[in-house]
Amino acid sequence: QNYLVGCVNSILNQSYENIEILLIDDGSTDDSSMICDNLKVVDNRIIVYHKNNGGLSDARNFGLNKSNGKYICFIDSDDIVDVKFIEIMLNILKEHNSNIVQCSFDVFFDNNIPTFKKFNDSFQLDKINSLNDLLLDNILTNNVCNKMFEKSLFEKNFFPLNVKYEDIGIMYKLFDSSNFISYTNDKLYGYRMRKNSITHTINVNSLIDKHNLLDERFKFLNFKYPMLNESLIFNKCLLIYLTFYELFSTDIDFSKYSFFVDNLKFFKDNMKFSYFHNLSFKQFVLAYTLKYNLLLFKIFTKIISFIKR
């Protein structure tokens, strides 16, 4: 509720005015419901829906079903967008005849404001190169919030329910349903970093959700696009490394879960050091110890976690 008004105001102030703004109250227990109702009085472009709590994916699917536009964006209620967010994204989408466009974003912390920048550059990738870029963790990302989509992409694609990291479960399907994806380096989306947000709370279930979705993606893309096999293996190794870094920064005992044991075996069997050449020296050393000396990896991550505190 503390950020909702600022978020909606940044949308109301868009230079492109022909928009429909759907506020989905997903069973909120604070004052968000009342704030939404007050906001819709301010501008008739705002439509408010109140529903029982079903989680982020359910709220997004609900909004998709209620929306009327040809294009759609998803903006989290604690984030802020640049005044030309929609105008620039829509122009690029139409100019390139793309199905999806992604902008850059600025990460900002509580009590700060995002820094928006415009470079007036953009480029386009076809489906295969877009999927490959996504897997290489290069420019295109799984985040839905810094993108504009043709709504028709969601006719057969829905956000997976009752899981965290739901963006991972849908983005590759949206790319698969597209012909072209565009990207602009313009910083048009302000992503608020909050310590206790859903995406930054580490627990076993959320990590298992993530890797279940990644395994589904691996199987789907490996079957349909065998030319992406090497990128898929790289992506899986990188994410296993990051998962174990998170695990060992906590007191979670991964050996109690066969799921993590199997992932570690995959990493040891398939990891190539060429996969990590773009990482820092510290991360490269950690990847090496995860492959060859798990105890040393655990000690290093505990030390790093302690220093960060």
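N146 pairs in a side-chain contact (heavy atoms from CB on, under 4.5 Å) with only one of the listed residues (C103, S104, C73), which is C103.
One distance of note links CE of M34 with CG of L39; it measures 10.5 Å at 0.5 Å rounding.
Ion pairing between K84 and D186 fails under the 4.0 Å rule for side-chain N and carboxylate O. Ionic pairing of E246 and K210 is present here: one or more N-O contacts between side-chain nitrogen and carboxylate oxygen are shorter than 4.0 angstrom. Salt bridge E166/R60: present, at least one basic N to carboxylate O contact under 4.0 Å. Salt bridge annotation for D176-K224: present, with a cationic side-chain nitrogen under 4.0 angstrom from a carboxylate oxygen. Classification of D76 and R192 as a salt-bridged pair fails, no side-chain N sitting under 4.0 Å from a carboxylate O.
In this structure a side-chain-to-backbone donor-acceptor pair under 3.5 Å is present from Q14 to D82. Using a distance-only test at 3.5 Å, with no hydrogens or angles considered, a donor-acceptor pair links the side chain of Q1 to the main chain of D31.
Ring geometry, F248 versus F244: the interplanar angle exceeds 60°, so the pair is classed perpendicular (tilted spans 30 to 60°). Ring-plane geometry between F267 and Y241 is classed as parallel, the angle between the planes falling under 30 degrees on a 0 to 90 degree scale with a further cut at 60. Relative orientation of the F273 and F284 rings is tilted, given thresholds of 30° and 60° on the angle between their planes.
For the pair R217/L134, a side-chain contact is recorded, criterion being any heavy-atom separation below 4.5 Å from C-beta on. Side chains of L4 and C36 form a contact here, defined as non-hydrogen atoms less than 4.5 Å apart. Taking the side chain as every heavy atom from C-beta outward, L135 and D133 never approach each other to under 4.5 Å. Side-chain atoms of V144 and F159, non-hydrogen and from C-beta on, do get closer than 4.5 Å to each other. The shortest distance between side-chain heavy atoms of N263 and T243 does not fall below 4.5 Å. Looking at heavy atoms from C-beta onward, L140 lies in side-chain contact with F175 at the 4.5 angstrom threshold. For the pair D78/C7, no side-chain contact is recorded, criterion being any heavy-atom separation below 4.5 Å from C-beta on. Proximity of L22 to Y49: side-chain heavy atoms (C-beta onward) are separated by under 4.5 Å at one or more points.
Taking the six-membered ring for Trp and the full ring otherwise, F108 and Y191 have centroids separated by 6.0 Å or more.
Of all heavy-atom pairs spanning F116 and I80, the tightest one is CZ-O, 3.7 Å.
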Dump the intermediate steps for side-chain contact (heavy atoms from CB on, under 4.5 Å) on D215 and K236, then the final yes or no. CA-CA 8 Å; D215 283 345; K236 186 166 183 175; 3.1 Å; yes
The test is side-chain hydrogen bond (donor to acceptor under 3.5 Å, both in side chains); show your working for D26 and H50 and say whether it passes. CA-CA 6 Å; D26 189 42; H50 302 284; over 6 Å; no
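D126 and N129 share a donor-acceptor pair across their side chains, judged by distance under 3.5 Å alone.
Note on residues 254-274: pairs passing salt bridge (Lys or Arg N to Asp or Glu O under 4.0 Å), not counting sequence neighbours, are E230-K272, K265-D269.
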